[in-house]
Amino acid sequence: MSDVGTAAQAEQRQARTGADAAARAVSLRKVYGEGPTAVVALDDVSVEFAAGEFTAVMGPSGSGKSTLMHCMAALDTATAGEVYVGSADLTRLGDKELTRLRRDEIGFVFQAYNLVPTLTAEENILLPLSIAGRRPDREWFDTVIDTVGMRDRLGHCPNELSGGQQQRVACARALMSRPSIVFADEPTGNLDSASEDDVLGFLRRTVDDFQQTVVMVTHDPVAAAYTDRVVFLLDGRLVDELRDPTADDVLEQMKKLGREADAGDGAGQRATGAEG
Amino acid sequence: MLRTTLRSLLAHKLRLALSGFAIVLGVAFVAGSFIFTDMLQASFNSIVSGTTTDARVTPKGYQESDGFSGDDSRTLPASLVDRLEDVDGVARVDGDVFVNGAFVVDQDGDLVGGMGAPSMAVNYSDTPSTTGEQPLRITEGEVPGPGEVALDEQTADRAGYEIGDEIPIVTASGGDARFTATMVGEAKFGDSLLGATLLVFDTETMQQEFLNGRNVFTEIQLTSDDGISQSELRDAVAPVLPADVEVKTGDQIEEESLDDLAEALTFINAFLLVFAAVALVVGTFLIINTFSILVAQRSRELALLRALGASRRQVSRSVLVEALLVAVIGSTLGVLLGFGLAVLLRMLFGVIGLDLSGQGLVFAPRTAIVAYAVGILVTLLAAYLPARRASKLPPVAALRDDVALPEGTIRRRVIAGGGMAVLGMGALVAGLSGVDPALTLVGVGALAVLIGVALTSPVLGRPVLYALGVPYRRLFGTVGLLSTQNAARNPRRTAATASALMIGLALVSAMSVFAGSANASIDKTIEENFAADYVVSNAIGQPFSPQIADRVEGVPGVETVARYRFSNADVDGSEQFIAATDGPTLAEAAEVTFESGSLNDLTQDTVLVNSETASDEGLSVGDSVSVRLPARATDLEVAGVFEQSPVLGASYVVSLETLELGGIKPADAYVYVVRDPSTPSDQVRAGVESVLEGLPTVSLKDQGEFAAEQRDQVNQTLYIIYALLGLAIIIAVLGIVNTLALSVIERTREIGLLRAVGVSRRQLRRMVRLESVAIAVLGAVLGVAIGLLFGIVMQRALADEGIDVLSVPVTQLVVFVILAGIVGVLAAVFPARRAAKLDVLAAIANE
Ligand SMILES: Nc1ncnc2c1ncn2[C@@H]1O[C@H](COP(=O)(O)OP(=O)(O)OP(=O)(O)O)[C@@H](O)[C@H]1O
Ligand SMILES: [Mg+2]
């Protein structure tokens, strides 16, 4: 479907990187539980997600990818460090502001779609707006559903849609409120390759056509190839990153990380992770 | 947002219906109570307002007969009628003889209307009421002449008498205890007599049978000339009245009657509302539980809404909106069902003699307001906690499969609950021992104990569930094990479900312990105090003609006859229920313990005082007490202080003469009979019974029969209370059905898994059933335990009032627990079927 984008667009994005990050984490740390059973899911992670860029987060199972998404999307709280979405530091905000942020600034696509089963596709897509008590922008709505190609299935309930269709509805929902950043946690994890193509192509288009910022967790090198940048997590630390990746690059990098992970614990990773 | 809520509601009609049902029942009881009392009010109002005359003349402070507590014996001379006729502005004067205590005996020899319903007799008069209508009308046949009678239509119907029949009539006072009259007509008084019986005679017959043939009246009705107001009429006749006679306007009489009525109705309403409150408290548990489960089941969806930017308030509001909708629908249905309940109550009261069949349903706006307010408030209150919990869901919960709702620690609950139970117990004991406001303290205390125990029941329930787990595992193997584990898995939910049943059973058991103790106390005291061989009386202590005792005295082999009477009196400025007897004869028929003095000291000038009253009022022998009866007030000297006893069941006891001089018609409530030991018991009994022949108002009982009759009274009250509490138990059972059904839905996946690994449908059904039984038995055990405690406390507190024997009806309590188990099985029928029907694949695939 979509390519990696034109050179001009890439340049445009490049220019924006760093200058205004849509979201960033500074020395982010997340510990689950307490005492002897405590799990350090994120350990001193600093990362920026540039506006208008499509970023993939990769790493072995249990490396902290989902945790990073949740903390950055204001779904969970950090143990230490700072998280910025736009200029707001999430760690300093109260529930009211966090709620506003979730509502207006952040979109989230879940691996398990998470549609409300009793609402139709259209109602699901408009849910964030109805929560906010805002009127939908019809033009934008049309644009979004045409982009996801769901126009003819709007009146259907989730259980009448395929997994791929459901996930496209979920994507449309994430975009409806024009958030400044969309997080997607393994959005294609449950999909066959054709549906996966649909969803990824759609995410790519939102970045290219609407300058949407998208951060996506994935295990799939092919999916990662749709993005502008890949960052790698290992045992809760940011260990590496690739720009304008191809599937082969990614696969290569993953193998390397796999070997490092096998080779031993902490020491080896820390050495590589210094870059950030 | 609202749409999400509505959709979720509609998608789960079943759970909506189940949780709504608790509200429906509770509200129905509230609405039904109001509708019914309004109906009573309306029908009594129509009687009062359609039938009063312009003005009425009576002896001063006339005590209108209520058929129980001493009729005023004072009368007005016929000469007064003549004198009133000469007063300017008076259009007509009618002398009335009105009596409450003229019973009609039907062809089978039974009383028409039964004991308790007013049984009135009056002379025929066509006096118009204030509205110009004629309240008393002969609708068929003729106006009765001497020796003739007209029966009200309903009484004639019920007894099956027709014009021309000879009607046997039994009187409670006056001349003959029994006479007959020929029926010549049917009468109607006002719109309806509400189940009372009315006999209409001519004036001479009334005077003959009830006033010893004197030409006097009990009251005189006045009708004014056109253009003369009620107060002008009153002022015009006042000067010609003797000092001990008074006149009241129709309006005044109406107002007084309505006031008395309102008081009685307030009591009935309050009584019914107590049960409505019980139903609502139990319903609250059910609603809290239902909404907790609903929130638990929807928690993923609610967390998703949070993740999509819904605020805490929006989430909790969505739960509350759901509750509100359920409340509105439930209250509406509840009000409708309330009508049904009112109709049912009307039927019930019809059975005991209050005939309201002519009265339509009355629906005051107040009923709707209160019913909706109660239904909505209770539901919102019950949904508040789950709603708050829902709002605390972290948005990440949307991503988890097994969402656990954040909950307060059990420890805090147990401490709070324990504290509440202890404080409640304190209030209960204080209230029962007479600290004011006693009733409030008792009610609030009992409620606090029940809620306190409900709060701690997740912990209290553990040993019970554990105790059940052992035989379950033995008998049913893995299925048994799984079912107790299921019950123990969510201790709060199990406990809340069980608590609903616990409340119902606690009250039922408390009543049964209390009634058991009351019965045992009756037996004991009758045995201890009853020296007489027989007693002549009726079940409800309604007075009967003194002639009966006269005749019994004449039976060969009867040694002593002791009469016992009641009356209202004003003692030292407060209204009291006093007793009267002949001291020396009662001394032979009863054993009463005296602290000082004795029964033999009772004379025209003395009074005996119950020891409790004596210590409350600071009275001792030699003190003076002022007793005011309708006709006169006297100072009586305290001659003895006795210990409370069923034979002397009043605070003050005076002599028969005191009562008669006070203007109370002689009528006995109890007559004790002592046999001459030399005459065989059978012979005496047969002799007395032949005297009582044809007098269905009274019966002859020996000691055992008398005790049984008293016990029946207690038991009848108990059954009424059981029936009303039954409603709370029905709600609790619905709660079990609801909780089980919901947890089956919740465990769909797990059940599918069990089926997939080879658990049969039958085993699955058994698992749900056993869980249900575990919950029900848990509730029953806790309930019976609390009920036992309440019952014992009540008995202890009332030990001084004569309930001094504690008797625990163990069998009955065990039966309650067994019944609860059976109820558990029944409650599981529907949820078990549902679980067994689940499709294995669909269950596992369920998302
Ligand atoms: N709620 C939790 N409580 C305790 N530990 C948790 C929790 N959530 C995640 N963890 C732990 O934190 C670490 C990181 O988990 P995370 O879900 O972020 O991994 P991941 O990279 O998303 O893995 P996967 O690719 O399998 O989804 C893991 O070791 C996990 O066990
Ligand atoms: Mg993950």
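Just so we're on the same page: letters track the sequence lines, and every chain starts at 1. Only a predicted model underlies this, so the values are computations on that prediction, with no experimental measurement involved.
For a residue to count as touching a neighbouring chain, one of its non-hydrogen atoms must lie under 4.5 Å from one of that chain's; by this rule B/Arg306 touches chain A with backbone and side chain alike. Heavy-atom distances place the side chain of A/Arg173, and not its backbone, under 4.5 Å from chain B. Interface residue A/Glu123: only side-chain heavy atoms are found under 4.5 Å from chain B. For a residue to count as touching a neighbouring chain, one of its non-hydrogen atoms must lie under 4.5 Å from one of that chain's; by this rule A/Pro179 does not touch chain B.
A/Phe210 CZ: more than 12 foreign heavy atoms inside a 6.0 Å radius. The neighbour count for B/Tyr384 OH, taken as heavy atoms of other residues, nucleotides or ligands under 6.0 Å away, does not exceed 12. Environment of CZ in B/Arg313: sparse, with no more than 12 heavy atoms of neighbouring residues, nucleotides or ligands closer than 6.0 Å.
At least one side-chain heavy atom of B/Leu305 sits under 4.5 Å from a side-chain heavy atom of A/Leu127. A 4.5 Å side-chain heavy-atom check between B/Arg312 and A/Asp95 finds at least one atom pair inside the cut-off. Contact check for B/Pro395 versus A/Arg102: side-chain heavy atoms found under the 4.5 Å cut-off.
The candidate with the highest count of non-hydrogen atom pairs below 4.5 Å against chain B, out of A/Thr77, A/Ile106, A/Leu98, A/Thr99, is A/Thr99.
The distance from atom CG of B/Leu308 to atom CZ of A/Phe108, rounded to the nearest 0.5 Å, is 10.5 Å. For the atom pair OG (B/Ser311) and CZ (A/Arg103), the distance works out to 7.5 Å, reported to the nearest 0.5 Å.
For B/Glu301 (side chain) and A/Val116 (main-chain N/O), no donor-acceptor pair under 3.5 Å exists by modelled atom type.
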